[in-house]
Amino acid sequence: MNQNEKEFVNILLLGFDISKWKPSDIEWKEINDFINDPIESNRISNFKRPNKDGSWLIGKDNDSAKSSTIGRRLIIELVNNMLSLDYNSIKFKRTQSNKPYLSTAISKKFSFNISHDSNWVIAIGSLISDSIGIDIMDSKIPRNQKMSEFFDTMSSCFTDNEWKIINQGKDDQTKIDLFFIHWCLKESYIKADGKGLNIELKTLEFIVDQINQTAQIIIINDKKNKTLLNNYQFTYFRPFKNDKENNSFVIAICLDLTNNNNNNNNNNNNNNNNNNNNNTLTNNIITKDNLPIQILESDFKIK
């Protein structure tokens, strides 16, 4: 990717498969030296998982530590490619709610977010949104658990209307897919909003357009007070649909366009949710068709 191309990249989505990355001690030190953030490296070094022999898996032998380290490395790559900043000048801090942000002074609007599940770490950057959220999940229920049992344990996470859509799936796998699509949409909004655990999942209701793979969000304050938010755009898709080993993963993305001049910022009060079921977002900035994921190898170069 040359310098001129960077100027036109408004949204960039990167992915990394940690199952294919087996760093040596030297390589683990090198990536932490490259990240050059002692506070972040120390936070990650405290990740522990018990091993079968009673010891603790840490550092390069701990998948959570690997995912978090790769997540920071991907963000650095986003900043370098989208803002043309030198690697050494890229610095981050965290908000009071522990959300990382770019602390290096820049003249452009820039937001980013990361997510990981199983072997995949993904990162997205945007030059057009006030904030952005992304979530990835493997559309599989826990082993040795029936779908009905799994849905029962998650019953409080979705509204009656959402459960109705989920259970209308033509077969069990479609129902599971719809479950994780709704889940990822909620997580993407929460991450873009930045309030984290202060948001109850059942106060968020999504109207999903399964044809265009977009969605709209309704905020439920109480049973009679619902607000349709027009200043957010959502899309979801399968990033690895042509990969048999990874085609069950789904990604959802939320763009906060509150201060974007091309977006209608007015919220519409919606007292009858059913009136909006046929609405679609035909003018989405990002869609399932125009945002390919770029898979990085261990050299972290964007091809």
>> Ring centroids only, cut at 6.0 angstrom: are Tyr189 and Tyr232 within range, meaning strictly under it?
In response: yes
> Looking at residues at least two apart in the chain, or sitting in another chain, which of them share a ring-ring contact (aromatic ring centres under 6.0 Å, His included) with Phe151?
Replying inline: Trp163, Phe179
> Would you find a donor on one side and an acceptor on the other, under 3.5 Å apart, between the side chain of Asn80 and the backbone of Leu85?
Replying inline: yes
> In terms of hydrophobic clustering (I, L, V, M, F, W, Y; side-chain heavy atoms under 4.5 Å; direct or indirect links), are Tyr236 and Ile165 co-clustered?
Replying inline: no
>> Is the shortest side-chain heavy-atom distance between Met82 and Phe110 below 4.5 Å?
In response: yes
> If you draw a 6.0 Å radius around CD1 in Ile293, do more than 12 non-hydrogen atoms from other residues or ligands fall strictly inside?
Replying inline: yes
> Hey, are Lys186 and Glu162 close enough for a salt bridge, meaning a charged N less than 4.0 Å from a carboxylate O?
Replying inline: yes
>> For the NZ atom on Lys241, are there more than 12 heavy atoms of other groups (residues, nucleotides or ligands in this structure) within a distance under 6.0 Å?
In response: no
>> As an exercise, state the distance from CD1 of Ile122 to CG of Leu296, rounded to the nearest 0.5 Å.
In response: 12.5 Å
> Does Ile285 offer a backbone N or O that forms a donor-acceptor pair with the side chain of Gln233 under 3.5 Å?
Replying inline: yes
>> Tell me whether the count of non-hydrogen atoms from other residues, nucleotides or ligands lying under 6.0 Å of NZ in Lys99 goes above 12.
In response: yes
> Mind checking whether Leu127 and Ile90 sit in one hydrophobic cluster, side chains of I, L, V, M, F, W, Y counted as touching below 4.5 Å?
Replying inline: yes
>> Pair Val250, Ile136 - check side chain to side chain contact (heavy atoms under 4.5 Å, CB included), show working.
In response: CA-CA 6 Å; Val250 63; Ile136 183 171; over 6 Å; no
> What heavy-atom pair brings Ala192 and Ser131 nearest, and what distance separates the two atoms?
Replying inline: O-OG, 2.9 Å
> Counting only heavy atoms not in Asp86, do more than 12 sit closer than 6.0 Å to its CG atom?
Replying inline: yes
>> Using 0.5 Å steps for rounding, measure from the CD1 atom of Ile207 to the CG atom of Asn161.
In response: 8.5 Å
> Between Phe112 and Tyr101, does the ring centre distance come in under 6.0 Å?
Replying inline: no
>> With side chain to side chain contact (heavy atoms under 4.5 Å, CB included) as the criterion, how do Thr203 and Thr159 come out once you've worked through the C-alpha distance, each side chain's angles and the decisive distance to 0.1 Å?
In response: CA-CA 8 Å; Thr203 64; Thr159 67; over 6 Å; no
>> Please check: side-chain N/O of Asn81 versus main-chain N/O of Leu78, any donor-acceptor pairing under 3.5 Å?
In response: no
>> Evaluate Thr174 against Asp171 for side-chain hydrogen bond (donor to acceptor under 3.5 Å, both in side chains), listing each step before the verdict.
In response: CA-CA 5 Å; Thr174 303; Asp171 51 40; 2.7 Å; yes
> Among Arg72, Lys91, Lys93, which residue meets the salt bridge (Lys or Arg N to Asp or Glu O under 4.0 Å) test with Asp37?
Replying inline: Arg72
> What are the two closest non-hydrogen atoms of Lys164 and Gln168, and how far apart are they?
Replying inline: O-CG, 3.0 Å
> Under 4.5 Å between any side-chain heavy atoms of Leu102 and Ile75, yes or no?
Replying inline: no
> Listed by chain and number, what are the ring-ring contact (aromatic ring centres under 6.0 Å, His included) partners of Phe206, not counting sequence neighbours?
Replying inline: Phe234
> Nearest 0.5 Å, what's the CG-CG distance between Leu178 and Asn167?
Replying inline: 9.5 Å
>> Restricting to non-hydrogen atoms, name the atom on Ile128 and the atom on Ser126 that form the minimum distance, rounded to 0.1 Å.
In response: N-OG, 3.1 Å
> Please, which pairs that meet salt bridge (charged side-chain N to carboxylate O under 4.0 Å, His left out) have at least one residue in residues 46-69, sequence neighbours excluded?
Replying inline: Asp25-Lys60
> Backbone N or O of Arg94 within a donor-acceptor pair of the Asn98 side chain at under 3.5 Å?
Replying inline: no
> Is the shortest side-chain N to carboxylate O distance from Asp177 to Arg238 below 4.0 Å?
Replying inline: yes
> Which residues satisfy the ring-ring contact (aromatic ring centres under 6.0 Å, His included) test with Trp183, sequence neighbours excluded?
Replying inline: none
>> In terms of relative ring orientation, are Phe180 and Phe150 parallel, tilted or perpendicular, with 30° and 60° separating the classes?
In response: parallel
>> How close do Trp28 and Gly59 get, counting heavy atoms only, and between which atoms?
In response: CZ2-C, 3.6 Å
> More than 12 foreign heavy atoms under 6.0 Å from CD of Glu245: is that the case here?
Replying inline: no
>> Would you compute the distance between atom CD1 of Ile70 and atom CD1 of Ile44 and round it to the nearest 0.5 angstrom?
In response: 9.5 Å
> Do you know the tightest heavy-atom contact between Arg73 and Ile35?
Replying inline: N-CD1, 4.5 Å
>> Going by the rule ring-ring contact (aromatic ring centres under 6.0 Å, His included), which residues pair with Tyr87 if we only count those two or more places apart in sequence or in a different chain?
In response: Phe34
> What do the steps show when you test Leu13 against Ile134 for side chain to side chain contact (heavy atoms under 4.5 Å, CB included), and what is the final call?
Replying inline: CA-CA 10 Å; Leu13 176 60; Ile134 191 167; 3.5 Å; yes
>> In the structure I gave you, are the side-chain heavy atoms of Asn221 and Lys226 within less than 4.5 Å of one another anywhere?
In response: no
> Is the backbone of Pro142 close enough, under 3.5 Å, to the side chain of Gln145 for a donor and an acceptor to pair up by distance?
Replying inline: no
>> Quick check against the 3.5 Å criterion: does Ser55 have a side-chain atom that pairs as donor or acceptor with the backbone of Asn51?
In response: no
> Which value, rounded to the nearest 0.5 Å, describes the distance between Gln294 atom CD and Leu291 atom CG?
Replying inline: 9.5 Å
> Which residues pass the side chain to side chain contact (heavy atoms under 4.5 Å, CB included) test with Ser67, sequence neighbours left out?
Replying inline: Ile18, His116, Val121
>> Taking Asp135's backbone N and O only, do any of them form a donor-acceptor pair with Lys191's side chain (distance below 3.5 Å, no angle check)?
In response: no
> What distance do Asp193 atom CG and Leu229 atom CG have between them, rounded to the nearest 0.5 Å?
Replying inline: 9.5 Å
>> Please tell me whether Ile31 and Leu57 are part of a single hydrophobic cluster in this structure, the criterion being side-chain heavy atoms less than 4.5 Å apart.
In response: no
> Is a donor on one side and an acceptor on the other found under 3.5 Å between the side chain of Asp256 and the backbone of Thr258?
Replying inline: yes
>> Would Ile106 and Val79 count as a side chain to side chain contact (heavy atoms under 4.5 Å, CB included) here? Give the steps.
In response: CA-CA 10 Å; Ile106 56 175; Val79 174; over 6 Å; no
> Between Ser118 and Phe249, which heavy-atom pair has the shortest distance, and what is it?
Replying inline: CB-CZ, 3.9 Å
> Would Phe237 end up clustered with Trp120 when hydrophobic side chains under 4.5 Å apart are linked, directly or stepwise?
Replying inline: yes
>> Taking Asn42's backbone N and O only, do any of them form a donor-acceptor pair with Asn46's side chain (distance below 3.5 Å, no angle check)?
In response: yes
> So Thr235 and Gln213, side-chain hydrogen bond (donor to acceptor under 3.5 Å, both in side chains) or not? Walk me through it.
Replying inline: CA-CA 6 Å; Thr235 192; Gln213 294 182 208; 6.0 Å; no
>> Using modelled atom types and a 3.5 Å cut-off, is there a donor and acceptor pairing between side-chain atoms of Ser139 and backbone atoms of Ser248?
In response: yes
> When clusters are formed by joining ILVMFWY residues with side-chain heavy atoms under 4.5 Å apart, either directly or through shared neighbours, do Leu185 and Ile176 land in the same one?
Replying inline: yes
